[in-house]
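Note that these values count all heavy atoms, side chains included, but never hydrogens, waters or copies made by symmetry. Here the structure is a predicted model, which is why all the values come from computation and not from measurement.
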Amino acid sequence: AMLLGPVLALSLLGTGLHANSESASRIDVMRDGVRITTHLQALSLLEVLPDLDADGDGLVTAGEVAAGASGIRDYVALHQALSLPTGDSIPLTFVAVNWLEHDEWDMDALGIEVVRQATWSSIPNELEYGMDFFFDTSPAHFEQLWVFFHDGLPTRGFLDSRAPTTTLV
């Protein structure tokens, strides 16, 4: 049975031209690990990774996402983290970088999905999630975060500490 955890929406202030920048992340917490699926707007990614648009037409295609996957992975690894309250980082392995023709999360203009995961032998009591996607390029980046608990795990409290870090207790 899957239980839906609370939803958190973060609005981050920045200084760029793309006023409607948004992203969405889903964290699935399981007994043996965690999986983070993130959907990013192609336009927002172009502002921070201009070389992603190889042909310079202002659009991102599936081929350009495949060719630029390492740059996308580097950006996400630098701007998204999962850690323990001790500050120890939970190493996340990239599973996929995909072009999304249609976004099943009903988000407008999102075009790229990034999936990362980690395994553990025992579930931690607390996790801290941090992200600062597009913080430097977007005046009001909006991040949606969903948390799901699986494998009969109890839904835990959700403490919003100072953005952009959120603690799952």
Side-chain angles (χ1 to χ4, degrees), residues 8-30 32-84 87-121 124 127-148 150 163-166 168:
L8 171 73
L10 298 174
S11 179
L12 302 175
L13 299 177
T15 60
L17 302 173
H18 183 51
N20 297 321
S21 177
E22 59 183 299
S23 57
S25 294
R26 172 187 169 136
I27 300 176
D28 290 284
V29 180
M30 298 152 286
D32 62 349
V34 65
R35 183 179 191 101
I36 301 175
T37 304
T38 301
H39 290 192
L40 303 166
Q41 283 180 315
L43 182 56
S44 295
L45 268 175
L46 278 178
E47 290 178 350
V48 296
L49 301 173
D51 292 342
L52 190 58
D53 181 16
D55 60 10
D57 67 355
L59 303 172
V60 178
T61 64
E64 289 169 327
V65 168
S70 72
I72 296 168
R73 284 192 299 269
D74 290 347
Y75 181 81
V76 169
L78 186 62
H79 294 279
Q80 182 185 56
L82 194 63
S83 62
L84 299 172
D88 293 332
S89 178
I90 295 174
L92 294 162
T93 303
F94 281 93
V95 175
V97 175
N98 301 311
W99 169 251
L100 298 175
E101 206 163 314
H102 303 287
D103 191 280
E104 71 250 15
W105 295 353
D106 293 326
M107 304 277 299
D108 291 334
L110 292 174
I112 295 151
E113 176 181 72
V114 179
V115 182
R116 301 167 76 195
Q117 69 183 17
T119 58
W120 47 54
S121 56
L127 296 171
E128 292 184 357
Y129 171 76
M131 72 71 153
D132 63 355
F133 296 128
F134 317 119
F135 187 79
D136 293 334
T137 58
S138 296
H141 179 76
F142 183 76
E143 163 80 355
Q144 291 189 35
L145 173 64
W146 293 276
V147 181
F148 293 86
H150 300 268
T165 300
T166 300
L168 308 175

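- A side chain to side chain donor-acceptor pair (under 3.5 Å) check over residues 66-76, counting only residues at least two apart or in different chains, returns nothing.
- In plain terms, the two heavy atoms of Trp146 and Ala24 that are nearest each other are CZ3-CB, 3.5 Å.
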Evaluate the side-chain contact (heavy atoms from CB on, under 4.5 Å) criterion for residues Val48 and Phe133: first the C-alpha distance (whole Å), next the side-chain angles of each, then the deciding distance (0.1 Å), finally the verdict. CA-CA 9 Å; Val48 296; Phe133 296 128; over 6 Å; no

Name each donor-acceptor pair under 3.5 Å that joins a side chain in residues 53-69 to protein atoms two or more places apart or in another chain, with its distance.
{"unit_1": "Asp53", "atom_1": "OD1", "unit_2": "Gly56", "atom_2": "N", "d": "3.2"}
{"unit_1": "Asp53", "atom_1": "OD1", "unit_2": "Asp57", "atom_2": "N", "d": "3.3"}
{"unit_1": "Asp53", "atom_1": "OD2", "unit_2": "Asp57", "atom_2": "N", "d": "3.2"}
{"unit_1": "Asp53", "atom_1": "OD2", "unit_2": "Gly58", "atom_2": "N", "d": "2.6"}
{"unit_1": "Asp55", "atom_1": "OD1", "unit_2": "Asp57", "atom_2": "N", "d": "3.2"}
{"unit_1": "Asp57", "atom_1": "OD1", "unit_2": "Leu59", "atom_2": "N", "d": "2.9"}
{"unit_1": "Thr61", "atom_1": "OG1", "unit_2": "Glu64", "atom_2": "N", "d": "3.1"}
{"unit_1": "Thr61", "atom_1": "OG1", "unit_2": "Glu64", "atom_2": "OE1", "d": "3.4"}
{"unit_1": "Glu64", "atom_1": "OE1", "unit_2": "Thr61", "atom_2": "N", "d": "2.9"}
{"unit_1": "Glu64", "atom_1": "OE2", "unit_2": "Ala54", "atom_2": "N", "d": "3.0"}
{"unit_1": "Glu64", "atom_1": "OE2", "unit_2": "Asp55", "atom_2": "N", "d": "3.3"}

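- Put simply, the side chain of Gln80 reaches to within 4.5 Å of the side chain of Tyr129, judged on heavy atoms.
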Could you check Val76 against Thr38 for side-chain contact (heavy atoms from CB on, under 4.5 Å), going step by step and ending with a plain yes or no? CA-CA 9 Å; Val76 169; Thr38 301; 5.6 Å; no

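- Atom CD1 of residue Ile72 and atom CG of residue Leu49 lie 7.0 Å apart, to the nearest 0.5 angstrom.
- Remark: Leu82 CG to Leu92 CG distance equals 5.5 Å, nearest 0.5 Å.
- Rounding to the nearest 0.5 Å places CZ of Arg35 at 10.0 Å from CZ of Arg26.
- We find the CG-CD distance between Leu52 and Glu47 to be 12.5 Å, quoted to the nearest 0.5 Å.
- A distance of 11.5 Å separates OG1 of Thr37 from CZ of Arg116, quoted to the nearest 0.5 Å.
- When every heavy atom of Pro91 is checked against every heavy atom of Ala118, the shortest pair comes out as O-CB, 3.3 Å.
- Looking at every heavy atom in both residues, Ile112 comes nearest to Ala42 through CD1-CA, 4.1 Å.
- Remark: the Gln117 side chain and the Thr93 side chain contain no N/O donor-acceptor pair separated by less than 3.5 Å.
- Distance check: Ile36 CD1 to Phe94 CZ gives 10.0 Å after rounding to the nearest 0.5 Å.
- Applying the ring pair (Phe, Tyr, Trp, His ring centres under 6.0 Å) test to pairs two or more places apart or on separate chains, none has a residue in residues 40-69.
- Looking at every heavy atom in both residues, Gly33 comes nearest to Trp120 through N-NE1, 3.2 Å.
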